[in-house]
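Only heavy atoms go into these numbers, but all of them, side chains included; no hydrogens, no water, no symmetry mates.
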Amino acid sequence: MGCSGCCLLGITCLVSVFLHCGAVRVTVRESSLEVVQGDSVTLPCSFLMAIPLVRLTIIWTLTPLFDPDSPTQVIVYDQGQVIESPAFTGRVEFADMPWSADVILNDTRVSDAGIYRCVVSNPPETGDPGIGELSLSVLAPPSLPVCLWEGDTDAGGSVTLSCAVVEGVPTPQMSWEKLEPEQITLPVNMEGELMGSVKIVNVSAQTSGVYRCSVTNVLGTQNCYVNLSVYIPPDDSPGILQGVLLTLFMALVLLALLVLVLWLHRSAQESKWRYSREDEERYNEIRYTPSLIKRSFV
């Protein structure tokens, strides 16, 4: 048997295997892919079948990571007609139909991450449809975090600084720092994966300053800031001293007035007594005068 006979025999055996198995063979070249949000990615899926492409049907589905019980349809090829899911309209297309089931996903989003399945069938070929499966991860830089504070900013009070980020894949690492007058790293109390807080008790003048929350992953860092001002009441010592001095001054004034009143009262009493004595002496002098006159005529 010549070389051509051997080739014919090999093809015959291969066809016999396909006919015996009665199923479409689907191959996925990569089982997992990563793409940065906004970029494009090709989801690979190739197939091999025993009979001509009579009624070729290709269905791509997605099982989202956040909702594994609700697979959704991405794109369908059915006998020359292409149907896109509303969530992927304008973003998904077949790469090389009908010879390949590869699809190109453009303008990727975080919500595109999940398990993709490529299902290929070609009736009237017997057997189950061929199925290929791969996972897609969509990386995203952290979104801009939001910083808030709440509590009592009077001296001695307590303040809580909170920081929240909406998005980031992988999950961003969060940190809090006080920037002024010197940089100090603060312990963070994480509340879930995307929110963290710092509690500061017994705040004082040294607590005032600028605080920064940083969220970081492999694609970048985003920051937000809080400018915290602690209210310190004015020192009461000068006021107390002024009050004491004023009290002493008023006491001295009252004492001086009392001394003046007493002195005036005493002066008045002395004047009255002196006038009374002078009147009495004048009366006595007048009373004895006739006797003297009477004697002068004798």
Side-chain angles (χ1 to χ4, degrees), residues 32 34-39 64-68 107-114 135-254:
S32 63
E34 281 188 353
V35 63
V36 176
Q37 177 180 248
D39 290 348
L65 294 178
F66 60 86
D67 192 5
D107 189 22
T108 51
R109 305 169 183 172
V110 173
S111 58
D112 294 338
S135 65
L136 177 66
S137 299
V138 181
L139 307 182
S143 58
L144 186 67
V146 176
C147 287
L148 299 172
W149 70 269
E150 61 179 357
D152 182 7
T153 56
D154 290 343
S158 298
V159 175
T160 298
L161 309 178
S162 62
C163 180
V165 60
V166 175
E167 188 176 83
V169 180
T171 301
Q173 297 296 312
M174 184 175 295
S175 63
W176 270 101
E177 296 173 305
K178 185 176 186 294
L179 302 181
E180 299 175 354
E182 58 180 342
Q183 190 166 333
I184 302 173
T185 300
L186 305 173
V188 181
N189 177 33
M190 294 302 299
E191 303 168 18
E193 293 185 340
L194 300 177
M195 179 177 290
S197 63
V198 171
K199 186 171 185 179
I200 307 173
V201 299
N202 194 25
V203 297
S204 63
Q206 289 73 26
T207 309
S208 298
V210 178
Y211 292 79
R212 178 178 66 192
C213 171
S214 301
V215 287
T216 304
N217 68 8
V218 294
L219 296 181
T221 300
Q222 294 279 14
N223 303 304
C224 61
Y225 301 86
V226 170
N227 190 356
L228 190 65
S229 297
V230 177
Y231 174 72
I232 306 297
D235 190 359
D236 291 335
S237 298
I240 295 175
L241 180 60
Q242 291 176 359
V244 171
L245 292 177
L246 181 61
T247 302
L248 290 176
F249 176 75
M250 294 299 295
L252 290 174
V253 171
L254 291 175

[X] side, atom [atom1]; [Y] side, atom [atom2] - distance, nearest 0.5 Å:
| X | Y | atom1 | atom2 | answer |
| --- | --- | --- | --- | --- |
| Ser158 | Asn202 | OG | CG | 7.5 Å |
| Glu167 | Arg109 | CD | CZ | 11.5 Å |
| Met195 | Leu148 | CE | CG | 8.0 Å |
| Asn223 | Ser175 | CG | OG | 8.0 Å |
| Thr216 | Gln222 | OG1 | CD | 9.5 Å |
| Leu136 | Asp112 | CG | CG | 7.0 Å |

Taking [Y]'s backbone N and O only, do any of them form a donor-acceptor pair with [X]'s side chain (distance below 3.5 Å, no angle check)?
| X | Y | result |
| --- | --- | --- |
| Asn217 | Pro170 | yes |
| Thr108 | Gly38 | yes |
| Ser229 | Ser208 | no |

Please report the closest heavy-atom contact between [X] and [Y], naming both atoms and the distance.
| X | Y | result |
| --- | --- | --- |
| Cys213 | Met174 | SG-CG, 3.8 Å |
| Gly196 | Met190 | CA-SD, 4.0 Å |
| Thr207 | Val203 | OG1-CA, 3.5 Å |
| Ala155 | Ile232 | CB-CD1, 3.7 Å |
| Trp176 | Val188 | N-CG2, 3.7 Å |
| Asp152 | Val159 | O-CG2, 3.5 Å |

With Ser143 as reference, evaluate Leu194, Val215, Val166 under the side-chain contact (heavy atoms from CB on, under 4.5 Å) test and give the passing residue.
-> Val166
Could you walk me through whether Leu139 and Glu34 pass the side chain to side chain contact (heavy atoms under 4.5 Å, CB included) check?
-> CA-CA 7 Å; Leu139 307 182; Glu34 281 188 353; 3.9 Å; yes
Decide side chain to side chain contact (heavy atoms under 4.5 Å, CB included) for Gln183 and Arg212; before the verdict, give the C-alpha distance in whole Å, the side-chain angles of both, and the deciding distance to 0.1 Å.
-> CA-CA 10 Å; Gln183 190 166 333; Arg212 178 178 66 192; 3.9 Å; yes
Using a 6.0 Å cut-off, check whether atom [atom1] of [X] has over 12 heavy atoms from anything other than its own residue.
| X | atom1 | result |
| --- | --- | --- |
| Gln173 | CD | no |
| Glu193 | CD | no |
| Tyr225 | OH | yes |

For Glu177 and Ser214, does a side-chain donor sit closer than 3.5 Å to a side-chain acceptor?
-> no
Test: Cys224-Cys147 SG spacing under 2.5 Å | yes
Please report the C-alpha distance between Tyr211 and Leu186 in whole Å, then the side-chain angles of each, then the deciding distance to 0.1 Å, and finally whether the side chain to side chain contact (heavy atoms under 4.5 Å, CB included) criterion is met.
-> CA-CA 10 Å; Tyr211 292 79; Leu186 305 173; 3.7 Å; yes
